[in-house]
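In what follows, every chain begins at residue 1, and chains take the letters A, B, ... in the order their sequences are listed.
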Amino acid sequence: MEQLIAIEKDGEIIDLQRAEAEGVDPQSGRPIYFDNSPEALQVIRHSAAHLMAQAIKELYPDAQFFVGPVVDEGFYYDFRTGEKIGEEELSKIEKKMEEIAKRKLPIERYEISKEEAREKFADDDLKQEVLKGIPSERVSIYRQGDWEDLCRGPHLPHTGYLRRNFKLTRVAGAYLGGDENREMLTRIYGVAFADRETLKNHLKMVEEAKKRDHRKLGNELELFIFSEEVGAGLPIWLPKGARLRSKLENLLFKAHRRRGYEPVRGPEILKSELWKRSGHYQNYRENMYFTEICDDETRKESCVEYGIKPMNCVGHIMVYKAKKRSYRELPLKYFEYGVVHRHEKSGVLHGLFRVREFTQDDAHIFCTPDQIKPTVQEVLSFVDEIMGSFDFDYEMEISTKPEKAMGDDEIWEVATEALKEALDGSGRQYGIDEGGGAFYGPKIDIKITDALGRKWQCGTIQVDFNLPERFELEYTDSDNSQKRPVMIHRAILGSFERFIGILTEHYGGEFPFFIAPTQIIFVPIGEAHLPYAQELAERLMEMGVDSEIYGGRESLNKRIRNAEKQRVPLVGIIGDREIENRSIAIRDRREKIQYNLGEKEFLNRIKEKLSEVRF
RNA sequence: GCCCAGAUAGCUCAGUGGUAGAGCACUUCCUUGGUAAGGAAGAGGUCGGCGGUUCAAUUCCGCUUCUGGGCUCCA
């Protein structure tokens with residue numbers, strides 16, 4: 001009963017037009033019907049992109065088109081026009097799309113040679129650009145009505161399939177070919193499904209996800225703010241945010257100590273000479289901030305340039321160099337909650353996810369080459385424990401040598417292999433990001449997704465042979481010879497800022513007890529019950545648990561409502577009954593139930609909750 | 001940095017070429033309440049900043065700061 005729109009054969013989606021042209025028997029592949037299967041959506045969205053392009057062409061006759069692919073969340077088309085396209089134009093384009101869809105234009109396909117295509121689109125430089133990227137000699141063109149475009153397909157049989165089941169979501173700029181040195185085209189994003197109902201549900205889901213946005217929750221829960229007066233990308237931590245953060249810091253501090261890491265601390269600014277030696281000055285300068293210290297303001301010669309640290313490695317190297325090292329000491333693990341400053345381009349700043357000042361849970365491990373693999377594996381299991389404690393799914397990716405890099409290819413090869421081996425040994429799946437490494441070494445990145453499914457890099461493990469070389473690090477080996485250690489840079493959360501942003505979205509503001517900014521709110525029913533609440537609050541404070549008391553003039557219902565709105569794990573109600581038998585009436589957010597606990601039980605329960613996590 | 005939007009009270013948001021409003025929050029008073037908004041009154045805004053057009057700009061234009069969605073980049 002469902003309509004066949006394409007078939008899948010040898011992992012390729014072949015639409016009916018192409019099947020006919022190539023004489024492919026539609027029975028010979030797996031049928032793809034007009035529904036919401038991933039394969040069908042590819043076809044639908046591809047055609048939606050074309051429909052949009054046709055609508056744009058009718059509305060803006062000067063429009064020229066680049067590419068219009070299907071992406072995870074929908075589709076987009078990049079194009080150029082003399083007109084400015086803003087959000088307001090989207091509904092206009094949608095209307096035109098509806099209109100064209102109604103015409104039920106057949107979507108036809110034909111093939112020509114690349115040479116013919118070059119001539120056909122002789123006066124369209126964007127199409128020429130697309131043609132350059134096509135390896136095959138024959139190219140296909142899809143035509144609907146009087147509009148046609150160079151396209152591989154697959155497509156729907158006719159435009160009538162696209163009726164009120166698509167939505168244009170946003171306008172954006174996109175560089176031609178993703179190259180920031182080239183022209184910027186207009187890009188319009190959209191989504192499409194087989195039916196209107198699914199589209200509506202999808203849009204609703206996106207709306208729901210936006211409610212979990214850490215910027216919105218951060219504001220509502222008074223975790224942090226940004227201030228125009230202070231500057232872009234410089235978060236200000238409010239008491240509740242700082243409470244959450246310090247809990248995370250404390251837990252993680254112990255976790256490091258337990259694993260043999262030593263806390264160290266480097267300065268915020270270091271002489272530029274040192275950044276030249278490390279290579280940051282040459283390779284990372286555009287991301288750094290600099291300042292000068294002058295002995296004599298009137299004499300320029302007395303000024304020395306300092307760089308504000310964008311990374312903590314140089315400081316840790318100085319710790320290593322503080323004395324002569326023996327192989328017996330290795331691996332040496334130094335860690336620091338290092339505050340770093342990076343000049344991020346204004347357009348990339350994004351709540352706590354991308355800021356200009358942030359604190360990394362950074363560590364540098366100095367080890368022998370033989371220790372690389374076990375050390376990386378140990379770090380990987382550390383990562384696993386932390387992520388597991390927060391129920392995070394994460395992805396890992398190896399990033400290889402970037403264009404702007406220092407060190408020999410050979411060294412890079414060895415380091416990259418070491419990472420791969422460690423990962424292979426751990427049995428974990430991982431992807432590869434060619435050219436995505438740091439300038440001093442390859443890395444394993446740990447990525448977590450936010451409420452909207454966007455991926456953010458959090459933890460990172462980097463193998464570095466370059467900095468030990470540049471700083472001539474040495475240790476005395478068992479044969480009394482001087483050897484060069486390897487440096488492993490690693491962060492597990494990545495930065496507290498980004499990690500807390502992700503945590504906020506992950507939990508929708510309902511933080512687990514052990515890190516919740518306020519772990520319990522007491523609501524004494526009347527004034528007489530206040531002292532007992534205060535007594536409990538003090539006991540909890542001794543245990544390192546933050547509580548608040550919502551007493552005062554407001555009605556009981558209102559105070560309970562306000563307490564719940566704070567999304568605290570526990571709300572404790574205290575009235576005559578509770579005082580009489582030294583108990584607390586608890587509203588448990590996670591269990592979604594209410595129960596009564598005697599004081600002792602209550603304190604025990606709190607202890608249990610605190611020890612739920614240990615990493 | 002680039003493209004496209006936006007900025008009105010602490011927060012969420014209406015609104016207008018004739019210098020502004022709501023709800024919540026805040027202050028005061030009444031209410032002392034057993035599980036998600038008790039009542040009344042009040043205070044609070046150079047309508048992000050700087051210029052321009054105009055008799056008159058929060059409103060129109062330009063620049064700037066900040067924010068949002070992307071691109072590029074990245075913890």
Side-chain angles (χ1 to χ4, degrees), chain A residues 76 78 80 84-90 169-189 210 213 215-216 219-220 222 225-234 284 286-287 310-311 338 340 342-362 399 402 436 438 443 445-448 452 454 456-460 462 489-499 501-502 523-529 551-565 571-578 585-587 594:
Chain A
Y76 69 79
D78 283 353
R80 170 165 62 206
K84 276 200 191 294
I85 309 285
E87 301 278 336
E88 285 171 21
E89 277 68 41
L90 291 187
T169 49
R170 48 188 177 246
V171 201
Y175 295 110
L176 202 163
D179 182 345
E180 70 174 316
N181 298 313
R182 302 193 66 180
E183 162 188 16
M184 181 157 275
L185 303 173
T186 303
R187 172 177 294 181
I188 297 183
Y189 281 93
K210 279 185 186 155
D213 191 309
R215 292 166 296 188
K216 186 178 159 66
N219 192 303
E220 272 173 30
E222 298 178 6
I225 53 166
F226 286 91
S227 156
E228 186 179 337
E229 287 174 283
V230 171
L234 303 169
Y284 205 71
E286 61 276 22
N287 283 295
M311 297 183 192
V340 295
R342 295 185 187 173
H343 178 82
E344 298 291 349
K345 291 177 186 171
S346 58
V348 306
L349 301 175
H350 183 103
L352 284 183
F353 286 170
R354 181 70 118 278
V355 291
R356 286 186 173 145
E357 186 207 88
F358 56 100
T359 306
Q360 297 179 305
D361 59 326
D362 206 1
S399 299
K443 56 180 185 168
D445 283 334
I446 288 121
K447 300 190 173 186
I448 314 179
L452 285 173
R454 292 177 291 210
W456 295 90
Q457 182 190 323
C458 290
T460 182
Q462 313 174 348
H489 308 238
R490 53 108 282 197
I492 293 184
L493 309 183
S495 76
F496 286 96
E497 285 72 11
R498 183 174 287 178
F499 193 77
I502 296 260
V523 181
I525 288 171
E527 220 169 303
H529 315 119
R553 312 150 303 282
E554 283 150 336
S555 68
L556 178 67
N557 281 347
K558 174 92 168 253
R559 285 181 285 137
I560 288 173
R561 176 183 152 83
N562 286 343
E564 289 291 355
K565 276 200 339 192
V571 175
I573 316 287
I574 291 164
D576 287 337
R577 291 205 289 271
E578 283 70 30
I586 300 286
R587 278 171 159 245
Q594 296 182 23

Novice: Counting the atoms with a prime plus P, OP1 and OP2 as sugar-phosphate, which does A:G501 contact under 4.0 Å by heavy atoms, base, sugar-phosphate, or nothing?
Specialist: nothing
Novice: Write down the distance between CZ (A:F226) and P (B:rG6), rounded to a whole number of angstrom.
Specialist: 23 Å
Novice: Thinking salt bridges, do A:D213 and A:R215 make one under a 4.0 Å N-O criterion?
Specialist: yes
Novice: Rounded to whole Å, how long is the line connecting atom CD of A:E229 with atom P of B:rG49?
Specialist: 12 Å
Novice: Identify whether any heavy atom of A:A232 sits under 4.0 Å from a base atom; if not, whether one sits that close to sugar-phosphate; answer base, sugar-phosphate or nothing.
Specialist: sugar-phosphate
Novice: Does B:rC11 have OP1 or OP2 sitting under 4.0 Å from an N or O in the side chain of A:K565?
Specialist: no
Novice: If I take atom CG in residue A:L90 and atom P in nucleotide B:rA5, what distance separates them, rounded to the nearest angstrom?
Specialist: 10 Å
Novice: If we ignore hydrogens and angles and just use 3.5 Å, is the side chain of A:R170 paired with the main-chain N or O of A:Y189 as donor and acceptor?
Specialist: no
Novice: Nearest whole angstrom, please: distance from the P of B:rU27 to the CD of A:E554.
Specialist: 9 Å
Novice: Taking only residues two or more places apart in sequence, or in another chain, which ones meet A:F353 in a ring-ring contact (aromatic ring centres under 6.0 Å, His included)?
Specialist: A:H214, A:H350, A:W456
Novice: Could you check whether the side chain of A:E578 and the base of B:rG34 have a donor-acceptor pair of N or O atoms closer than 3.5 Å, going by distance alone?
Specialist: yes
Novice: Let me know the distance between CG of A:N219 and P of B:rC24, rounded to the nearest Å.
Specialist: 18 Å
Novice: Looking at A:R215, I'd like to know whether one of its side-chain N or O atoms comes within less than 4.0 Å of OP1 or OP2 on B:rG68.
Specialist: yes
Novice: Can you build the contact string for nucleotides 70-75 of chain B? Use B for base contact, S for sugar-phosphate-only contact, and - for no protein heavy atom under 4.0 Å.
Specialist: BBBBBB
Novice: Have a look at A:A585 and say if it touches a base, only the backbone sugar-phosphate, or nothing, with a 4.0 Å heavy-atom cut-off.
Specialist: base
Novice: Figure out the CD1/P separation between A:I560 and B:rA36, and round it to whole Å.
Specialist: 6 Å
Novice: Would you classify A:I85 as touching base, sugar-phosphate or nothing, given that sugar-phosphate means primed atoms plus P, OP1 and OP2, and contacts are heavy atoms under 4.0 Å?
Specialist: sugar-phosphate
Novice: Once rounded to the nearest 0.5 Å, what's the spacing between atom CD1 of A:I573 and atom NE2 of A:H529?
Specialist: 12.0 Å
Novice: Starting from C1' on B:rC24, measure out to CZ on A:R559 and report it in whole angstrom.
Specialist: 19 Å
Novice: For the side chain of A:R490 and the backbone of A:D361, is there at least one donor-acceptor N/O pair under 3.5 Å apart?
Specialist: yes
Novice: For B:rC74 versus B:rG17, give the span between their P atoms, rounded off to a whole number of Å.
Specialist: 47 Å
Novice: To the nearest angstrom, how far is A:Q594 atom CD from B:rG34 atom C1'?
Specialist: 10 Å
